[in-house]
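In what follows, chains carry the letters A, B, and so on, assigned in the order in which the sequence lines appear, proteins first and then strands, with residues in each chain numbered from 1. Quick caveat: nothing in here was measured; it's all calculated off a predicted structure.
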Amino acid sequence: MLRIAERVAFRVGGVMKSIELEKVYNPKEFEGKIYSAWVDSGCFKPVDKGGEPFTVVMPPPNVTGILHMGHALNNMLQDTLIRYHRMTGRPTLWVPGTDHAGIATQNVVERQLAREGLKRQDLGREKFLERTWEVKERHHDIIVKQLKTIGCSCDWSRERFTMDEGLSRAVKETFVTLYNRGLVYKGEYLVNYCPHCGTALADDEVEHQTDAGHLWHVNYPFADGTVFNGKNYITVATTRPETMFGDVAVAVNPDDERYKSIVGKKLILPLVNREIPIIADSFVGIEFGTGMVKITPAHDPNDWECGKRHGLEAINILNPDGTLNDVCPTEFRGLPAEEARFRVADALSDGGFLLKTEDYTHEVGHCYRCGTTVEPYLSKQWFVKMKPLAEKALSAWRAGEVRFYPKRWENTYSSWLENIRDWCISRQLWWGHRIPVWYCQKCGHMNVSVDEVHECESCGSTDLKQDPDVLDTWFSSWLWPFSTLGWPDETSDMKRFFPTSALVTAYDIIFFWVSRMIMASLEFTGKAPFRDIYITGLVRDKQGRKMSKSLGNGIDPIEVVELYGSDAMKFTLCYLAAQGQDVLIDMDSFRLGSRFANKIWNATRFLLMNLEGRNLVPVERESLSVFDKWIYDSLNRNIMTVRHAVENYKFNEAAAAIYDFFWNDFCDWYVEIAKQRLRSGDDAECDRLASILMDILRESMAMMHPFLSFVTEEIWSRLPGTEGFVISSSYPVWREEREAPAERSLVESLQSIVRSVRGIRAEMGLPADVKMRLVVRLDRKGEVAEFVKSNKNLLGTLAGSGEILVDDEGTADVAGAFPASGAGYEVFAFVRDVVNVEKEIPRLEKELKKAEDDLAATLRKLSNPAFLSGAKAEAVEKERRKQAEFEEKISKARAHIEVLKSF
RNA sequence: GGCGAUGUAGCUCAGCGGGAGAGCCCCUGCCUUACACGCAGGUUGUCGCAGGUUCAAACCCUGCCGUCGUCACCA
């Protein structure tokens, strides 16, 4: 990268020298250096030029590990947005940060300890937390390094961590405020409990899987010897016989005619000989199983609700570690539930209580962090009352304050909010925000306070104990968009950058995170935290499978950078990131971006080589040739396409437009044409052309910068006439004066002729050194004819032909020449000796057939009175034009076939 | 079971009311004064199936089939 001073010297030096670029595009040479230069010059910080700010807060990666491809996709798309908006002149802020990821991080540390044969209790809370902070620091450093490696232009001076002092204060503030508003409460409820992690989980932290299990049919005898249907017992079916020790009733549906007579009777619970009643409750399905359900309020959510309705006791049969407790008969105490299940079944069988055992697959909840089967478990926990919060989030969405891209995710969002249940926020973990509640050991009062309490506010006792639990990790994440900007303080960042503009995240955390952020933000700031929500697809392998450690199909983003460079990765991901679509990739996919970056590099190299002896001049619109106007028109169109695409989160459309413009229009046509013009020997013309080439190249770099940040910056630094960094330059704008439809049409005609001639060459297999004599017959006189005539040399170069006659009178002798045709022209190549008639006639016949089919379709429409009266005028007009075109094609093709047959 | 997505060239996918597209792959020539990570040319499709709406449907509607994702307390 050249320093700015050197570049200025190029500019004022008058006559240019050739600027040499290394022969090979080697991103490793400059990506690191450029990133440092950006950071050093502070260009990731917002610059206030007066416009409306554009703000994004980065979804904070968990400090449990390192970044995967999903993070790379996410952050690279954000970077593209950020760079684009920054270049449009808006004060642009991207806030980076990381998440402490409570349970996940704690698990990482506990796994480490386990390898040393230790448990967290062996270390004690303080030592354990020290160790966790070390893990956090280590992963944090790796994550930051990775984000820098992939080029994220976030403002590192504003980096945050969910357990920072400021954010911790925000968490406490939130908890206390919600408590005071009656939206946080403590209560004894049946919660999801992971015996492995030793903590309660929220409903959405439970993943349901289909597990193979059994359905045991167990007989419960009547207590009073009642005989019912010829038996002195009834049968219930259960998937979890071990929970029978917690049974307090058997329920039937009140409308179940079969059992009306036995409701109220007592049964004997086998193995423990406890009496339980038969009750009627409408939640019982008449159709399912025997129509009888054992009721275990402490271990099943339905039974819990049912028990509450009937005032039944909840008997907890489990220890916190998932083993059976002292309520159970001695022989089962201490056994893990899973093992106890079979032992109890055996015991039931031995006692003659087991009627039968069936195989049964059903949905079972598992911990989303460790995969252990989750137990419904009765315990005292803290909850957030969600309904009032959800209402606000729903109305904000209905009012259009948040918008999803793609829109369909709104269903996911709204249906979750509409069916919301209270959120269990206490976790029996050590890593996280300690619940800001102090229990008075004397009077039992709960002191809820942001600041540490030393004296009970009720009785004044100093004997206080803080709640040992911590808060769910999402209880800090849901504040992220404003806690990172300094809330609850009224900071200048809050005033300036909140609410933020866009959120980019994956769909798997819409519930966990997106909707909760909206709820928290509305509750505490009164505003939606962001306007646009762009939901990315998931990164998958080429077979469409999720990338995972266990499958070993993951791709390390850093390896991609090593192999292809950050630009190649970002461009490829953008190119593949169709809105709402998953991104299927393998390592080779990134060759797309790599090839493109290489193309840009080499095109630049070529153009810079040609600066030798040139004197760069201002580009005057009036002096532009048809080709010049055409390329500016192309650039102009693409600028509009890209701007529109980025502003609507259509990254793939933007990337495709860039690719198409730079590779096809610019390199394959404009630069190829320029090559010939540069050989003219006319210094003034060459100076002008070199200036235009530099102009287009410079503007292209700016246009492409959000997508290929490093290579465009590197090239920018080598181009004459550039100042500063491209990252801080202005995004190109569409300009009306650049529109050139007439010139576009002329160039397209010429392109079409060139392609026809090339087609003939290729079909004939003509060696490069054989120059064909050509007649180009134009159907109409006028501009096109003049244009082709004045570009005969160019046509010859591009198409590889010798002497060319442009015939707009239709008089040239073309006897024996090989024909080809397109709209408005025919070309005749004098290549009789090498024509392969056998091969060519079928090809032309195929063309003819296609044209005939097209014509037939067009005629069908035009002969349909309904079409003529019902269709828009333009549509009818277009069909007429098509008719003429197809007829022309047909007549030419027929003639050409005759010509060939005569050979 | 509810909801949603998706089915277009061998592969990955754009297009979403008026002439079937891209990239990769494949085939044929070319190391043409940047790029073989290249240049030029070419092949390839009952646009899942069946109905309907419309002058016109890959595109809108309905049903079906396939695939995937999500939510859901049925013992």
Side-chain angles (χ1 to χ4, degrees), chain A residues 21 23-25 204 208 215 236-240 243 251 283-285 287-296 300-305 360 362-363 365 376 406 408-409 411-412 415-416 419 507-508 510-511 538 542 544 564 568 575-576 578 580-586 588-589 591-592 594-610 650 652-653 656 659-660 667-668 671-672 675 679 754-755 758-769 797-800 843 854 857-858 860-861 864-872 874-876 878-879 881-882 885-886:
Chain A
L21 232 50
K23 181 152 185 7
V24 181
Y25 162 67
D204 45 21
H208 292 271
L215 199 55
V236 294
T238 178
T239 54
R240 304 183 56 198
T243 63
F283 96 90
V284 181
E287 312 294 323
F288 191 88
T290 59
M292 291 191 163
V293 192
K294 64 197 236 358
I295 301 298
T296 322
D300 181 277
N302 282 319
D303 297 5
W304 167 254
E305 293 298 327
Y360 188 68
H362 56 147
E363 293 289 309
R408 71 183 138 91
W409 291 111
N411 288 331
T412 308
S415 65
W416 187 75
N419 300 303
Y507 54 72
D508 50 357
I510 291 178
F511 307 131
L538 260 31
K542 281 271 173 153
Y564 297 115
Y575 193 91
L576 297 175
Q581 284 301 123
D582 287 345
V583 176
L584 276 65
I585 46 160
D586 60 19
D588 280 349
S589 305
R591 282 170 51 202
L592 169 72
S594 177
R595 281 171 54 249
F596 187 47
N598 182 63
K599 186 75 185 177
I600 295 169
W601 182 263
N602 276 294
T604 305
R605 192 160 84 91
F606 174 71
L607 296 179
L608 293 182
M609 270 168 22
N610 278 288
K650 307 231 168 149
N652 60 323
E653 287 180 14
Y659 187 94
D660 187 49
C667 290
D668 288 348
V671 174
E672 287 306 313
K675 277 181 183 172
R679 280 183 225 124
V754 168
R755 286 198 187 98
R758 282 171 176 171
I760 296 172
R761 289 196 70 91
E763 290 296 329
M764 299 303 125
L766 279 192
D769 53 345
T797 309
L798 294 176
R843 194 176 68 88
D854 288 343
T858 296
R860 259 199 307 281
K861 286 187 190 172
N864 181 354
F867 172 71
L868 295 174
S869 59
K872 284 177 294 189
E874 310 96 84
V876 177
K878 189 167 182 197
E879 288 306 312
R881 278 203 307 276
K882 276 157 69 177
E885 183 190 324
F886 297 145

Which part of the nucleic acid does Val236(A) contact within heavy-atom distance under 4.0 Å: base, sugar-phosphate only, or nothing?
nothing
Measure from NZ or CZ of Lys675(A) to the centre of the six-membered ring of Phe606(A) and say whether it is under 6.0 Å with the direction within 45° of the ring axis.
yes
Among the candidates C73(B), G23(B), A14(B), find the nucleotide nearest to the side-chain atoms of Leu592(A).
G23(B)
So Tyr659(A) and Phe596(A), would you call those rings parallel, tilted or perpendicular, with 30° and 60° as cut-offs?
tilted
Expressed in angstrom and rounded to an integer, what is the separation of Leu798(A) atom CG from G41(B) atom P?
11 Å
Side chain of Ala871(A) (C-beta onward), nearest among G18(B), A34(B), C37(B)
G18(B)
Using Watson-Crick geometry (N1-N3 plus N6-O4 or O6-N4) or G-U wobble (N1-O2, O6-N3), each under 3.5 Å, U6(B) is paired with G66(B)
d(NZ, Lys861(A); C1', U54(B)) in whole Å:
13 Å
For the side chain of Lys882(A), starting at C-beta, report the closest nucleotide among A22(B), G18(B), G4(B).
G18(B)
Indicate whether OP1 or OP2 belonging to C30(B) is found under 4.0 Å from a side-chain N or O atom of Arg761(A).
no
When every non-hydrogen atom of Lys294(A) is compared with those of Asp303(A), the smallest separation belongs to O-OD2, 3.2 Å
Answer for the Watson-Crick or wobble partner of U53(B), both distances under 3.5 Å, is none
Quick one: which of C39(B), G15(B), G18(B) gets closest to the side chain of Asp668(A)?
C39(B)
Once rounded to the nearest 0.5 Å, what's the spacing between atom OH of Tyr25(A) and atom OG1 of Thr604(A)?
11.5 Å
Side-chain-base donor-acceptor pair under 3.5 Å for Lys599(A) and C35(B)
yes
Could you tell me which nucleotide pairs with U12(B) by Watson-Crick or G-U wobble geometry, both distances under 3.5 Å, or answer none if nothing does?
A22(B)
Of the nucleotides G41(B), U6(B), A22(B), which has the atom closest to the Gln581(A) side chain?
U6(B)
Would you mind telling me which of A34(B), A22(B), A75(B) lies closest to the side-chain atoms of Val284(A)?
A75(B)
Kindly write out the residues that satisfy side-chain contact (heavy atoms from CB on, under 4.5 Å) with Arg240(A), not counting sequence neighbours, or none if the list is empty.
Thr238(A), Glu242(A), Thr243(A), Arg341(A), Glu375(A), Pro376(A)
Separation of atom CG in Leu576(A) from atom P in A14(B), rounded to whole Å
10 Å
Could you tell me the separation between the CZ atom of Arg595(A) and the C1' atom of G38(B), rounded to a whole number of Å?
9 Å
For the pair made of CZ in Arg408(A) and P in C68(B), what is the distance, rounded to whole Å?
17 Å
Which nucleotide in A34(B), C55(B), C13(B) has an atom nearest any side-chain atom of Ala866(A)
C55(B)
Is any side-chain N or O of Glu672(A) under 3.5 Å from a base N or O of A34(B), one able to act as donor and the other as acceptor?
yes
Look at the side chain of Lys675(A) and the base of A34(B), then say whether one donor and one acceptor between them are separated by less than 3.5 Å.
yes
Output the rounded distance in Å from CD1 (Ile295(A)) to P (A75(B)).
13 Å
Of the candidates C37(B), A22(B), G18(B), the side chain of Ser594(A) sits closest to C37(B)
Output the single nucleotide from A75(B), A34(B), U12(B) whose closest atom is nearest the side chain of Cys667(A).
A34(B)
Tell me the interatomic distance from Asp582(A), atom CG, to C68(B), atom P, rounded to whole angstroms.
13 Å
Would you classify Tyr360(A) as touching base, sugar-phosphate or nothing, given that sugar-phosphate means primed atoms plus P, OP1 and OP2, and contacts are heavy atoms under 4.0 Å?
sugar-phosphate
Whole-Å distance, Asp854(A) CG to G18(B) P, equals 16 Å
Look through every strand shown and name the nucleotide pairing with A58(B) as Watson-Crick or G-U wobble, where both distances are under 3.5 Å.
none
Let's see if you can work this out: which of C24(B), A34(B), G69(B) has an atom nearest to the side-chain heavy atoms of Phe606(A)?
A34(B)
Going by the rule side-chain hydrogen bond (donor to acceptor under 3.5 Å, both in side chains), which residues pair with Lys882(A) if we only count those two or more places apart in sequence or in a different chain?
Glu879(A)
With both distances under 3.5 Å as the test, what is the Watson-Crick or G-U wobble partner of G1(B)?
C71(B)
Do the side-chain N or O atoms of Arg591(A) get closer than 4.0 angstrom to the phosphate oxygens (OP1, OP2) of C25(B)?
yes
List the atom of Val671(A), the atom of Cys667(A), and the distance in Å for their closest heavy-atom pair.
CB-O, 3.6 Å
